[in-house]
Amino acid sequence: MTTVRTDDKAIFERRESAARSYCRSFPVVFEKASGATLTGNDGRDYIDFLAGCSSLNYGHNDPDMKAALIEHMQADGLAHGLDMYTGAKADFLDAFERIVLKPRDMDYRMMFMGPTGANAVEAALKLARKVTGRTNVIAFTNGFHGVTLGALAATGNGYHRGGAGVPLSGVTRMPFEGAMGGDLDTADFLNRMLSEPSSGVEPPAAIILETVQGEGGLNAASREWVRRVAEIARNHGALLIVDDIQAGCGRTGPFFSFEEMGVEPDIITMAKSLSGLGLPFATLLVKPEYDIFGPAEHNGTFRGNNHAFVTARVALEKFWADRTLQEAVLKKTSYLKSRLAKIADRLPAARLKGRGMMQGVDVGSGELASEICARCFENGLVIETSGAHDEVVKVLAPLTIDEETFARGLDILEEAVSEIAQSTKIAAE
């Protein structure tokens, strides 16, 4: 069978919905990818500092995951299995128990639902409400949890909330750490609002948070703040939900973004890089005492993505059976921070944001950040913005990126910032 592809982008303009977004920043027809490199249909290579928005922590087309998936398919292994027992699922669960849960002394059940992060958040909120009999959920400013209605109610972004078309209820917004400036202890504020019977805040079923707010601008919570919020949740009878969809699977260093913070979430949402190869796959980790949904009470037709089970098992065995990847991420984290600090020095009032391999530079405005990213793309680097005003240039390179490619990508970013800073200075003069 011959695949015929057009050389231009007219088909997308004609037939794809206007809801498309990333392609507007990167108007190239990509044909293939390997590691940290994307290749367009014109043969030009681009360094990937987006990594599927952290869905490709191990890069594009990891050879071991790819080989395992091809072997599974050639042997007529199941692709789709609803939630029936399959060998691929058993192997994944065994690997997750062996490699992730037991070494960390964690006891959780895994619930599979629809294959996206938003599906996981929807399930988490429903489950917390069923467990507690309460309806209110505490979420935080700049939090991003998905754009389906339940998850969107917990999402702070006004642009996405504006697309709902109906009132978004059941969530009370509280300020994230640092959101009100350094003088206000936002954890103390949260506790006061929940403790005061006349505050107007209903007792919550859950408190949901990201330890690093990926889409919200790389706001990184401190260990002390997260521990305090966990204590507040426990004291007020609420479940603690950690949304580890973007910050998990090694993005901040450890497998879980919170595991060095000394907290035990009641529910953990995971997706994005969980499959390892970029295949759709999401799960909830639920403490056994809260695993109270009845059969199919929350479900999803594609909760049995066996191809993702295959590649996720390989990802765990290859990258998490020892500390090699985690130590490499820590080394790259230090390098990234030093390079970004140098870049930030070229812009007035710019500052570093984030943690681990989830860092960026707040350049002060969305217009400037977009201009920087556009200049980077012209020079062969795919990189995006985040934040309430898209003011943060965000680096989400694959965790496995080689040193030479990583340095070259950061060189492109530094050159773009330098050129724009110089042109801005000349224009001002």
> Minimum heavy-atom separation for Gly143 to Gln213, with atom names?
Replying inline: N-NE2, 3.4 Å
>> Looking at Glu403, I'd like to know if its CD atom is crowded, meaning that more than 12 non-hydrogen atoms belonging to other residues, nucleotides or ligands lie closer than 6.0 Å.
In response: no
> Below 4.5 Å, heavy atoms only, C-beta onward: do Phe319 and Thr400 meet side chain to side chain?
Replying inline: yes
> So with a 6.0 Å cut-off around CZ of Arg15, is the heavy-atom count from everything else above 12?
Replying inline: no
> If only atom types and distance count, is the side chain of Asp243 paired as donor or acceptor with the main-chain N or O of His145 below 3.5 Å?
Replying inline: no
> Distance from Asp244 atom CG to Ile267 atom CD1, nearest 0.5 Å?
Replying inline: 13.5 Å
>> Quick check against the 3.5 Å criterion: does Arg20 have a side-chain atom that pairs as donor or acceptor with the backbone of Ser17?
In response: yes
> Any side-chain donor paired with an acceptor under 3.5 Å for Glu177 and Ser222?
Replying inline: yes
>> To the closest 0.5 Å, what do you measure between CZ (Phe293) and CE (Met113)?
In response: 9.0 Å
>> Would the distance check show the side chain of Thr186 and the main-chain N or O of Phe189 forming a donor-acceptor pair, the cut-off being under 3.5 Å?
In response: no
>> Does any part of the side chain of Val121, heavy atoms only, come nearer than 4.5 Å to the side chain of Ile208, both counted from C-beta?
In response: yes
>> Please enumerate all residues that pass side chain to side chain donor-acceptor pair (under 3.5 Å) together with Thr311, with sequence neighbours excluded.
In response: none
>> Quick one, Leu285 with Phe256, criterion side-chain contact (heavy atoms from CB on, under 4.5 Å). Give me CA distance, side-chain angles, the key distance, then yes/no.
In response: CA-CA 12 Å; Leu285 272 63; Phe256 297 107; 3.8 Å; yes
> Which pair of non-hydrogen atoms, one from Leu352 and one from Ala344, has the smallest distance, and what is that distance?
Replying inline: CD2-CB, 4.0 Å
>> I'd like to check Thr116 versus Asn119 (side-chain heavy atoms, cut-off strictly below 4.5 Å). Are they in contact?
In response: yes
> Any donor-acceptor pair under 3.5 Å linking the side chain of Glu16 with the backbone of Glu13?
Replying inline: no
> Do any N or O atoms from the side chain of Ser54 and from the backbone of Gln246 form a donor-acceptor pair under 3.5 angstrom?
Replying inline: yes
> Should Arg251 and Leu396 count as side-chain neighbours, where that means a heavy-atom distance under 4.5 Å?
Replying inline: yes
> Around atom CZ of Arg192, are there more than 12 heavy atoms of other residues, nucleotides or ligands at under 6.0 Å?
Replying inline: no
>> Test of understanding: with salt bridge (charged side-chain N to carboxylate O under 4.0 Å, His left out), list the residues that count as partners of Arg104, not counting sequence neighbours.
In response: Glu259
>> Going by salt bridge (charged side-chain N to carboxylate O under 4.0 Å, His left out), name the residues that satisfy it together with Glu297, two or more places apart in sequence or in a different chain.
In response: Lys130
>> Testing the basics here: between Thr385 and Ser370, what is the closest heavy-atom pair and its distance to 0.1 Å?
In response: CG2-N, 4.1 Å
> Quick one: CE on Met111 to NE2 on His298, what's the gap to the nearest 0.5 Å?
Replying inline: 5.0 Å
> CZ/Arg339 to CD/Glu414 distance, rounded to the nearest 0.5 angstrom?
Replying inline: 5.0 Å
> Checking Thr172 side chain against Ile138 main chain: does a donor-acceptor pair fall under 3.5 Å?
Replying inline: no
>> Before you tell me yes or no, could you show the steps for Glu224 and Arg227 under salt bridge (Lys or Arg N to Asp or Glu O under 4.0 Å), namely the whole-Å CA-CA distance, both residues' side-chain angles and the distance that decides it to 0.1 Å?
In response: CA-CA 5 Å; Glu224 293 72 23; Arg227 285 172 63 91; over 6 Å; no
> Heavy-atom distance under 4.5 Å between the side chains of Leu168 and Leu149, does that happen here?
Replying inline: yes
> Under the 3.5 angstrom rule, does the side chain of Arg134 hit a backbone N or O of Pro204 as a donor-acceptor pair?
Replying inline: yes
> Counting N and O atoms only, with roles assigned by atom type, does the side chain of Arg129 sit under 3.5 Å from a partner on the main chain of Thr135, one being a donor and the other an acceptor?
Replying inline: yes
>> Go through it in stages, so that I can follow the logic: the residues are Arg228 and Asp185, the test is salt bridge (Lys or Arg N to Asp or Glu O under 4.0 Å), and I'd like the CA-CA distance, side-chain angles, deciding distance and then a yes or no.
In response: CA-CA 11 Å; Arg228 179 71 174 125; Asp185 182 340; 5.9 Å; no
>> So for atom CD, which belongs to Glu317, do other residues, nucleotides or ligands contribute more than 12 heavy atoms lying within a distance under 6.0 Å?
In response: yes
> Looking only at heavy atoms, what is the nearest atom pair of Ser273 and Asn57, with distance?
Replying inline: OG-N, 2.9 Å
> When Phe112 is tested against each of Leu82, Asn299, Thr283, Asn305 for side-chain contact (heavy atoms from CB on, under 4.5 Å), which residue passes?
Replying inline: Thr283
>> For a quick test of reading the model, state the closest non-hydrogen atom pair linking Leu50 to Glu384 and the distance between them.
In response: CD1-CB, 4.0 Å
> With distance as the sole test, does Lys332 use its side chain to make a donor-acceptor pair with the main-chain N or O of Ile401 at under 3.5 Å?
Replying inline: yes
> Are Lys394 and Glu215 close enough that some pair of their side-chain heavy atoms sits under 4.5 Å apart?
Replying inline: yes
> Where does the angle between the aromatic ring planes of Trp225 and Phe140 fall among parallel (under 30°), tilted (30 to 60°) and perpendicular (over 60°)?
Replying inline: perpendicular
> Does Asn136 use its side chain to pair, donor to acceptor, with the backbone of Glu202 at less than 3.5 Å?
Replying inline: yes
>> Name the residue from Phe49, Tyr22, Tyr46 that meets the ring pair (Phe, Tyr, Trp, His ring centres under 6.0 Å) definition with Phe377.
In response: Tyr46
> To the nearest 0.5 Å, how far apart are OG1 in Thr211 and CG in Asn219?
Replying inline: 11.5 Å
> So Asp107 and Lys287, side-chain contact (heavy atoms from CB on, under 4.5 Å) or not? Walk me through it.
Replying inline: CA-CA 7 Å; Asp107 184 16; Lys287 285 190 174 181; over 6 Å; no
> Can you find a heavy atom in the side chain of Leu125 that is under 4.5 Å from one in the side chain of Ile241?
Replying inline: yes
> Tell me, do Met358 and Leu218 make a side-chain contact under 4.5 Å, heavy atoms counted?
Replying inline: yes
> Excluding sequence neighbours, so at least two apart, what forms ring-ring contact (aromatic ring centres under 6.0 Å, His included) with His389?
Replying inline: none
> Got a sec, which residues hit salt bridge (charged side-chain N to carboxylate O under 4.0 Å, His left out) with Arg223, two or more places apart in sequence or on another chain?
Replying inline: none
> So, Lys89 and Asn306: side-chain donor and acceptor under 3.5 Å apart, yes or no?
Replying inline: no
> Is atom NZ of Lys337 surrounded by more than 12 heavy atoms (other residues, nucleotides or ligands) closer than 6.0 Å?
Replying inline: no
> If you measure from CZ on Phe258 to CG on Leu240, what distance do you get to the nearest 0.5 Å?
Replying inline: 9.0 Å
> Hey, which of Val417, Ile420, Val363 is the one that makes side-chain contact (heavy atoms from CB on, under 4.5 Å) with Glu371?
Replying inline: Ile420
>> Tell me which one of Phe302, Phe96, Phe92 satisfies ring pair (Phe, Tyr, Trp, His ring centres under 6.0 Å) with Phe281.
In response: Phe92
> So which heavy atom on Ala416 is nearest to which on Cys376, and how close?
Replying inline: CB-SG, 3.8 Å
> Going by atom types only, do Thr324 and Asp322 share a side-chain donor-acceptor pair under 3.5 Å?
Replying inline: yes
> What pairs with His72 under ring-ring contact (aromatic ring centres under 6.0 Å, His included), at least two apart in sequence or on another chain?
Replying inline: His307
